[in-house]
Amino acid sequence: MSNNFRNNKFVRIPRIFWDLTTNQVLTMQFCHGQKVDDVVFLKGMKINPEKVAKKLLEVFAEMIFIHGFLHGDPHPGNILVSIEGQGGFSLVLLDHGICKKLDEEFRLEYCQLWKALILLDSRKIQHLAERFGVGKYYRYLPIIFSGRTIDSKSGIGKGMLVEEQKKMKQHLKALEMEDISSFMESLPSNFLIILRTDELLRSTVSKLGASKWVRLLTYGKYASLGLSLKSNPCSDLTSLALYTRLIGNIEYILLRLTIGVTNLVLWMEKLKRCLNKFYGKMSAAGKEAICR
C-alpha cells in the first residue's frame, strides 16, 4: 500500500520498525490525527470536510480501479486526518489486516461496469453482470451502486423520480429470500469486499457533507483511468504512465460531456412537461372565463 501511494502527498502509511518487530509483535510509526468523520475537528482546523470527502473517495477509487489492491476496512477509526501535509492535511491509513488483491480481469471489468452504470448502458450492465455470475439480477446493480433504476429518467446523482421509486418497490416485492441469498452467494469475493468498502465510504462521505454527485464522478474518473492504465499498477510518473493517464483523462472528459448532454436533455424534457402543464392550466382557465 505504501509503495502504491509513494507519490501521493495526501496519503500516509505508518512506517514499520522491522528491528522492533517479531512474529508476535508489529511495531509501527505513531501517527497523529483525528477520525476522518470528526467534522468539529476539521472545521476547527480550517479544513473543508467536503475536500476531505473528495480526497478520501479518490484514494479508495485509485486502490480499486488502478492499483487493484484494496484496504477493505475503511471505517472512521482506521482513517485519520492529520494536519501534516502539503495540501493542508493528509489521510493516514491504519490497520491493514483486511487487504484484498483484485484479479486483473475483475479490475478491468469493474472499471467497465462503473462506466456503464454512469451512462446507464443496460446492455453492457447485463453483459458484465453475467460475467460476474449475477446476470439474473443485472437490473439491481444500478440501484446498489448509483441509486438509480436501470431505465432511470433522472440525471446522475439526482435520485429517483417518484414513478421510478414505485416501480422499484414493485420489483423488490417480487423478490424472495431465496433470490437475495442466491444473489449474494453468486457474487465473487472481490465484489463482496468492494460492496462492504463502498458502504463504509458512503457513510463517512455523507457525514462529511459531500453530495452523491462527487462519489459518482470520482468513480467514473478513476474507472476511465483504470481502463487506460491497465497493467500500470503504481502511481509512477513515467512517460508511459503520463501517456496512459492522458488517455484516461480524455476518456473521462468524454464521459463528463456525455453526462452533461444527457442531463441537459433530461432537463429540457422536464421543462417541456412543466410548460405543457402550465399551458394546459392557462387554457383551461381561459375556457372557464369564456364560459362565464
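We're numbering straight along the sequence, starting at 1. These values consider heavy atoms only, across backbone and side chains, with no hydrogens, waters or symmetry-generated copies.
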Exercise for the section: Show your working on side chain to side chain contact (heavy atoms under 4.5 Å, CB included) between Ile66 and Tyr222 and close with a plain yes or no. Expected result: CA-CA 7 Å; Ile66 296 178; Tyr222 280 85; 3.7 Å; yes

Practice task
List the steps, then state whether side chain to side chain contact (heavy atoms under 4.5 Å, CB included) holds for Ile143 with Ile150.
Solution key: CA-CA 8 Å; Ile143 297 173; Ile150 199 163; over 6 Å; no

Handout entry: Residue list, side-chain contact (heavy atoms from CB on, under 4.5 Å) with Glu109, at least two apart or on another chain
Key = Glu105, Leu128, Arg131, Phe132

Completion exercise
In short, Leu200 meets His75 closest at the heavy-atom pair CD1-N, 4.1 Å

Practice task
Any chance you could pull the hydrophobic cluster mates of Ile16, using side-chain heavy atoms under 4.5 angstrom and chaining through other members?
Solution key: Trp18, Leu26, Met28

Handout entry: Close side-chain approach of Asn78 and Leu93, heavy atoms under 4.5 Å
Key = no

Handout entry: Flag side-chain contact, heavy atom, 4.5 Å: Ser90 against Val11
Key = no

Exercise for the section: Name all residues meeting the side-chain hydrogen bond (donor to acceptor under 3.5 Å, both in side chains) criterion together with Glu185; count only those two or more places apart in sequence or in a different chain, and write none if there are none. Expected result: Ser181

Exercise for the section: List the steps and the verdict of side chain to side chain contact (heavy atoms under 4.5 Å, CB included) for Asn190 and Phe106. Expected result: CA-CA 8 Å; Asn190 289 330; Phe106 174 87; 3.5 Å; yes

Exercise for the section: Assign the ring pair Tyr110 / Trp114 to parallel, tilted or perpendicular, where the plane angle (0 to 90°) is split at 30° and 60°. Expected result: perpendicular

Handout entry: Check: Val214 and Leu57 side chains under 4.5 Å, non-hydrogen atoms
Key = yes

Completion exercise
Hits for salt bridge (charged side-chain N to carboxylate O under 4.0 Å, His left out) against Lys207, two or more places apart or cross-chain, chain-then-number order -> Asp37

Exercise for the section: Could you tell me whether the side chain of Thr204 reaches within less than 4.5 Å of the side chain of Pro74, counting heavy atoms only? Expected result: no

Practice task
Kindly indicate whether the side chain of Cys99, heavy atoms from C-beta on, has any atom under 4.5 Å from the side chain of Leu70.
Solution key: no

Exercise for the section: Quick one: which residue pairs count as a salt bridge (Lys or Arg N to Asp or Glu O under 4.0 Å) with a foot in residues 13-31, not counting sequence neighbours? Expected result: none

Handout entry: 4.5 Å side-chain heavy-atom contact, Met63 and Phe5
Key = yes

Handout entry: Phe17 with Met1, same ILVMFWY side-chain cluster at under 4.5 Å
Key = no

Practice task
Not counting sequence neighbours, list each pair that qualifies as a side-chain hydrogen bond (donor to acceptor under 3.5 Å, both in side chains) and has a residue in residues 117-128.
Solution key: Gln112-Lys124

Practice task
With sequence neighbours excluded, tell me which residues meet side-chain contact (heavy atoms from CB on, under 4.5 Å) with Ala129.
Solution key: Val134, Tyr138, Leu141

Problem - Results of salt bridge (charged side-chain N to carboxylate O under 4.0 Å, His left out) for Glu84 - residues two or more places apart only - result: Arg12

Fill in the blank from the handout: CG (Leu113) and CZ (Phe65) are apart, to the nearest 0.5 Å, by 8.5 Å

Exercise for the section: State, yes or no, whether a side-chain contact exists between Thr21 and Val25 at a heavy-atom distance under 4.5 Å. Expected result: no

Side-chain donor-acceptor pairs of residues 45-56 under 3.5 Å, sequence neighbours excluded:
{"unit_1": "Asn48", "atom_1": "OD1", "unit_2": "Glu50", "atom_2": "N", "d": "2.9"}
{"unit_1": "Lys54", "atom_1": "NZ", "unit_2": "Glu58", "atom_2": "OE2", "d": "2.5"}
{"unit_1": "Lys55", "atom_1": "NZ", "unit_2": "Glu58", "atom_2": "OE1", "d": "3.0"}

Problem - Listed partners of Leu80 passing side-chain contact (heavy atoms from CB on, under 4.5 Å), at least two apart - result: Val92, Leu94

Exercise for the section: Classify the ring geometry between Phe191 and Phe145 as parallel (under 30°), tilted (30 to 60°) or perpendicular (over 60°). Expected result: tilted

Practice task
Applying side chain to side chain contact (heavy atoms under 4.5 Å, CB included), run through Phe41 and Ile83 and close with a yes or a no.
Solution key: CA-CA 10 Å; Phe41 165 77; Ile83 59 175; 4.0 Å; yes

Handout entry: Residue pairs fulfilling salt bridge (Lys or Arg N to Asp or Glu O under 4.0 Å) with at least one residue in residues 188-203, sequence neighbours excluded
Key = Asp73-Arg196, Asp198-Arg202, Asp198-Arg215

Problem - Of all pairs that satisfy side-chain hydrogen bond (donor to acceptor under 3.5 Å, both in side chains), the ones with a partner from residues 25-35, not counting sequence neighbours - result: Gln34-Asp38

